[in-house]
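Data block below; observations after.
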Amino acid sequence: MATWKCVKQCGACCHLDPEERPDIAEYLTPEELALYLSMVGEGGWCINYDHLRRECKIYPNRPRFCRVEPEIFLDMYGIEPEEVNDFAIECCEQQISGVYGDRSLEMVRFSREVSREW
């Protein structure tokens, strides 16, 4: 069984372009949506993403919608805790593929980390 894990220096989830997430208003509160949109910078990247270090500059204090935690996924997406692992893996695969490509180094590193054959 694959186990979800955030891969350091990936940053795919920091690409927030709202055009690529047309249903975002369905799972964020109006306040969260305003915050989300205020974080979108040049090229759709989060203004808190450090492109040189490829990491979040506010990671310990990142918003709720940036976190992969069972209670947050249940509240935001209706995903039961026992389904969070598979859901998070699928979300990361889609995001990495969309941002970097499905044969990118980031996808290879993610697949290796979650022990999923590619």
Side-chain angles (χ1 to χ4, degrees):
M1 178 178 145
T3 302
W4 178 84
K5 184 176 181 182
C6 180
V7 177
K8 286 191 174 274
Q9 299 181 317
C10 169
C13 61
C14 299
H15 192 255
L16 305 176
D17 190 345
E19 290 183 15
E20 296 176 9
R21 300 176 185 201
D23 58 345
I24 193 162
E26 295 175 19
Y27 53 86
L28 296 181
T29 66
E31 295 80 18
E32 288 174 328
L33 181 59
L35 175 61
Y36 181 95
L37 294 174
S38 75
M39 292 169 56
V40 179
E42 188 175 332
W45 287 94
C46 179
I47 60 173
N48 298 305
Y49 180 64
D50 182 331
H51 289 270
L52 292 176
R53 299 176 116 184
R54 299 186 72 172
E55 61 186 24
C56 177
K57 293 186 280 189
I58 62 165
Y59 192 82
N61 301 311
R62 65 196 185 284
R64 181 179 86 113
F65 53 79
C66 294
R67 298 173 183 267
V68 177
E69 297 173 10
E71 61 276 2
I72 293 173
F73 272 42
L74 178 61
D75 184 50
M76 288 180 59
Y77 309 111
I79 301 298
E80 296 295 330
E82 62 272 13
E83 299 170 340
V84 167
N85 187 60
D86 289 342
F87 184 78
I89 289 172
E90 187 176 316
C91 288
C92 282
E93 289 173 342
Q94 288 177 5
Q95 188 67 14
I96 293 168
S97 178
V99 173
Y100 300 117
D102 60 359
R103 297 192 178 271
S104 63
L105 176 61
E106 290 80 3
M107 184 64 81
V108 170
R109 289 178 54 228
F110 179 74
S111 297
R112 194 175 300 144
E113 287 292 327
V114 300
S115 300
R116 187 175 270 198
E117 292 298 321
W118 212 208

> Which heavy atom of Ile96 sits nearest a heavy atom of Ser104, and at what distance?
Replying inline: CG2-OG, 4.0 Å
> Minimum heavy-atom separation for Val114 to Trp4, with atom names?
Replying inline: CG1-CA, 3.9 Å
> Is it true that Ile58 and Ile47 fall in one hydrophobic cluster, defined by side-chain heavy atoms closer than 4.5 Å?
Replying inline: no
>> I need the minimum non-hydrogen distance between Ala12 and Tyr100, along with the two atoms involved.
In response: CB-CE1, 3.7 Å
>> Check Glu32 with Arg64, please: is the shortest side-chain N to carboxylate O separation under 4.0 Å?
In response: yes
>> For a 4.5 angstrom cut-off between non-hydrogen side-chain atoms, does Cys56 reach Asp50?
In response: no
> Parallel, tilted or perpendicular: which describes the rings of His51 and Trp45, with under 30° parallel and over 60° perpendicular?
Replying inline: perpendicular
>> Is there a side-chain contact between Ile89 and Phe110 in this structure, where contact means two heavy atoms from C-beta onward sitting under 4.5 Å apart?
In response: yes
> Under the 3.5 angstrom rule, does the side chain of Asp102 hit a backbone N or O of Ser97 as a donor-acceptor pair?
Replying inline: no
> Linking I/L/V/M/F/W/Y whenever their side-chain heavy atoms sit closer than 4.5 Å, directly or via other members, would Tyr27 and Leu35 fall into one cluster?
Replying inline: yes
> Which atom names give the shortest non-hydrogen contact between Gln95 and Arg21, and what distance separates them?
Replying inline: NE2-NH2, 3.0 Å
> Which value, rounded to the nearest 0.5 Å, describes the distance between Cys92 atom SG and Phe87 atom CZ?
Replying inline: 10.5 Å
> For atom CD of Glu19, is the number of surrounding heavy atoms from other residues, nucleotides or ligands below 6.0 Å larger than 12?
Replying inline: no
>> Around atom CD of Glu42, are there more than 12 heavy atoms from other residues, nucleotides or ligands closer than 6.0 Å?
In response: no
> For Met76 and Phe65, which heavy atoms make the closest approach, and how far apart are they?
Replying inline: CE-CB, 3.7 Å
> What distance do Cys66 atom SG and Glu69 atom CD have between them, rounded to the nearest 0.5 Å?
Replying inline: 11.0 Å
>> Whether the side chain of Asn48 engages the backbone of Met39 through a donor-acceptor N/O pair (distance < 3.5 Å, no angle test) should be reported.
In response: no
> About how many Å separate CG of Leu33 and OG1 of Thr29, when rounded to the nearest 0.5 Å?
Replying inline: 8.0 Å
>> Keeping Arg62 on the side-chain end and Tyr59 on the backbone end, is there a donor-acceptor pair under 3.5 Å?
In response: yes
> If you round to the nearest 0.5 Å, how far is OG of Ser115 from NZ of Lys5?
Replying inline: 9.0 Å
> Do Tyr36 side-chain atoms and Leu16 backbone N/O form a donor-acceptor pair below 3.5 Å?
Replying inline: yes
> In the single-linkage hydrophobic clustering (I, L, V, M, F, W, Y; side-chain heavy atoms under 4.5 Å), do Leu74 and Val68 co-cluster?
Replying inline: no
> Rounded to the nearest 0.5 Å, what separation is found between the CD atom of Glu113 and the NZ atom of Lys8?
Replying inline: 11.0 Å
> Roughly how far, to the nearest 0.5 Å, is SG of Cys10 from CZ of Arg54?
Replying inline: 7.0 Å
> Around Arg53, counting heavy atoms of other residues, nucleotides and ligands shown, do more than 12 lie under 6.0 Å from its CZ?
Replying inline: no
> Counting N and O atoms only, with roles assigned by atom type, does the side chain of His15 sit under 3.5 Å from a partner on the main chain of Gly43, one being a donor and the other an acceptor?
Replying inline: yes
> Are Leu37 and Leu28 in one and the same hydrophobic cluster, where Ile, Leu, Val, Met, Phe, Trp and Tyr link if side-chain heavy atoms are under 4.5 Å apart?
Replying inline: yes
